Amino acid sequence: MTDTFKFELLGTDGKARRGRVHTAHGAINTPAFMPVGTAATVKAMMPESVAETGAEILLGNTYHLMLRPGAERIEKLGGLHKFMNWDKPILTDSGGFQVMSLAQLRKITEDGVRFRSHIDGAYYDLTPESSTEIQRQLDADITMCFDECPALPAPKERVNEAMQLSMRWARRSREAFTHRPGYGQFGIVQGGTEKDLREESVEKLTEIGFEGYAIGGLAVGEGQELMFSTLDFTTPVMPTDKPRYLMGVGKPDDLVGAVARGVDMFDCVLPSRSGRTAEAWTRRGSVNLRNARHKDDPRPLDENCTCPCCKNYSRAYLYHLTKTKEILGLMLLTWHNLHYYQELMAGMRTAIEEETFDKFVVDFHALREQGDI
Ligand SMILES: CNc1nc2c(CCNCC3CCCCC3)c3nc(N)[nH]c(=O)c3cc2[nH]1
């Protein structure tokens, strides 16, 4: 436990960074992958299993939890850590992105967003103030600013409008934030794939001052090349003494490329969602367990993996569980995928410490080109 929120930069290898974030509920080694616990649970996983994969922080979500069961209810029950039995750090997103992707109707004004719940059709408002308050009620260690993430591709004028609005909302979010030892708030850089807009956004956020800075507005359909080129000119102008969090990313090769470009933290639904759609991620690429080629295969998913799924179960068994839609299939594949993601991050942390990150990247891609999985 710590009483002050801080980021230690422990080492670098090129633009790749090895660090540690200290929060009220514990420390997070970076580069870090944060599993997503949308409705106060990482689907198909017990919290102790999530901890066993090596995850040191989880994501929660303002949008989902304000609708059901309600932030007041969770606050009265002792906060999200107690509610979901996870005593390590929690980062909550501010809800704006989920409103745009999930809510039935929504209207953006200077004040905030009005939307209809995708659950019961009732109308709700989210503003920088209410989002920040909800995240406090959830007792999130890391609170995200309320922002607007435009879908790409979009005209530069639209991207600029969304960025300027998000910067005004960032100031309101900061003013609504309750400063407590060990708790931090991250600003979210916007600006699409436009160099000048990204630089202006970083400048405006650092002027306000946050405990960390996220790179938002990416992984929204722009593709990996444009995402990487945007990182190439965005991370160098971001503070070096604060964590950098790339939101919603990504596939294993996205993570490796983004760490190489100076990113410290990631979240993505992919490993857990794929676990439920019978897709397994391995160091040699992804495996679809619905494919009948696995029917008689006695081998584990990945001979080199030490997770409970690879230690004790064959592909034939995983194929059987998938075909029969057995719950154990969801559990084992989710566990494997989250374990693999944590192994990947641990491998990158070690490579940066040993200054062998370039070799790590070469080996990572070589294994995936060998195929035969
Ligand atoms: C997938 N691509 C992507 N995600 C983005 C997200 C969401 C990140 N994941 C949050 C979890 C999602 C599941 C429920 C729990 C929270 C973004 N969020 C914000 N606030 N701003 C973005 O620009 C922003 C941009 C994003 N791009």
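Only heavy atoms go into these numbers, but all of them, side chains included; no hydrogens, no water, no symmetry mates. For clarity, every value in this text was computed on a predicted model and none was experimentally measured. Numbering of ligands and ligand atoms starts at 1, following listing order.
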**Message:** Any carboxylate oxygen within less than 4.0 angstrom of a Lys/Arg side-chain nitrogen, looking at Asp141 and Arg180?
**Reply:**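 Between Arg180 and Asp141 there is no salt bridge, as every charged N stays at least 4.0 Å from the carboxylate O atoms.
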**Request:** For the pair Glu199 and Lys195, find out whether any cationic side-chain nitrogen is under 4.0 Å from an anionic carboxylate oxygen.
**Result:**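 Looking at Glu199 and Lys195, the cut-off is met.
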**Asked** What part of Met144 sits under 4.0 Å from ligand 1 if we count only heavy atoms: the side chain, the backbone, both or neither?
**Response**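 For Met144, there is no contact with ligand 1 at all, from either part.
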**Item:** ligand 1-proximal atoms of Ala214, by part, heavy-atom distance under 4.0 Å
**Value:**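 Neither; no heavy atom under 4.0 Å.
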**Asked** Is the shortest heavy-atom distance from the side chain of Phe364 to the side chain of Asp253 under 4.5 Å?
**Response**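 They are in side-chain contact.
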Which residue owns the protein heavy atom closest to [atom], what's the atom, and how far is it?
atom	result
atom 12 (C) of ligand 1	Gln98 NE2, 3.6 Å
atom 2 (N) of ligand 1	Ala219 O, 2.8 Å
atom 13 (C) of ligand 1	Val36 CG1, 3.5 Å
atom 27 (N) of ligand 1	Leu218 O, 2.8 Å

Check each of [options] against [atom] and report the one with the nearest heavy atom.
atom	options	answer
atom 16 (C) of ligand 1	Asn61, Leu152, Leu102, Ile188	Asn61
atom 4 (N) of ligand 1	Ala39, Pro35, Gly216, Gly248	Gly248
atom 9 (N) of ligand 1	Asp93, Asp267, Asp147, Leu270	Asp267

**Asked** What are the two closest non-hydrogen atoms of Cys149 and Val220, and how far apart are they?
**Response**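 Taking Cys149 first and Val220 second, the nearest heavy atoms are SG-CG1, 3.8 Å.
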Looking only at side-chain N and O atoms, does [Y] offer a donor or acceptor that is under 3.5 Å from a partner on [X]?
X	Y	answer
Ser201	Gln190	no
Ser274	Thr277	no
Asp87	His81	no

Anything under 3.5 Å between a donor and an acceptor, one on a side chain of residues 228-237, the other on a protein residue two or more places apart or in another chain? List them.
{"from": "Ser229", "atom 1": "OG", "to": "Glu225", "atom 2": "O", "distance (Å)": "3.2"}
{"from": "Ser229", "atom 1": "OG", "to": "Leu226", "atom 2": "O", "distance (Å)": "3.0"}
{"from": "Thr230", "atom 1": "OG1", "to": "Leu226", "atom 2": "O", "distance (Å)": "2.7"}
{"from": "Asp232", "atom 1": "OD1", "to": "Arg261", "atom 2": "NE", "distance (Å)": "2.9"}
{"from": "Thr234", "atom 1": "OG1", "to": "Thr230", "atom 2": "O", "distance (Å)": "2.7"}
{"from": "Thr235", "atom 1": "OG1", "to": "Leu231", "atom 2": "O", "distance (Å)": "3.1"}
{"from": "Thr235", "atom 1": "OG1", "to": "Arg261", "atom 2": "O", "distance (Å)": "2.7"}

**Message:** Measuring from non-hydrogen atoms of Ser94 to any atom of ligand 1, is the shortest distance under 4.0 Å?
**Reply:**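 Under 4.0 Å: yes for Ser94.
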**Prompt:** Got an N/O contact under 3.5 Å between Thr38 and ligand 1?
**Reply:**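 By distance alone, the answer is no.
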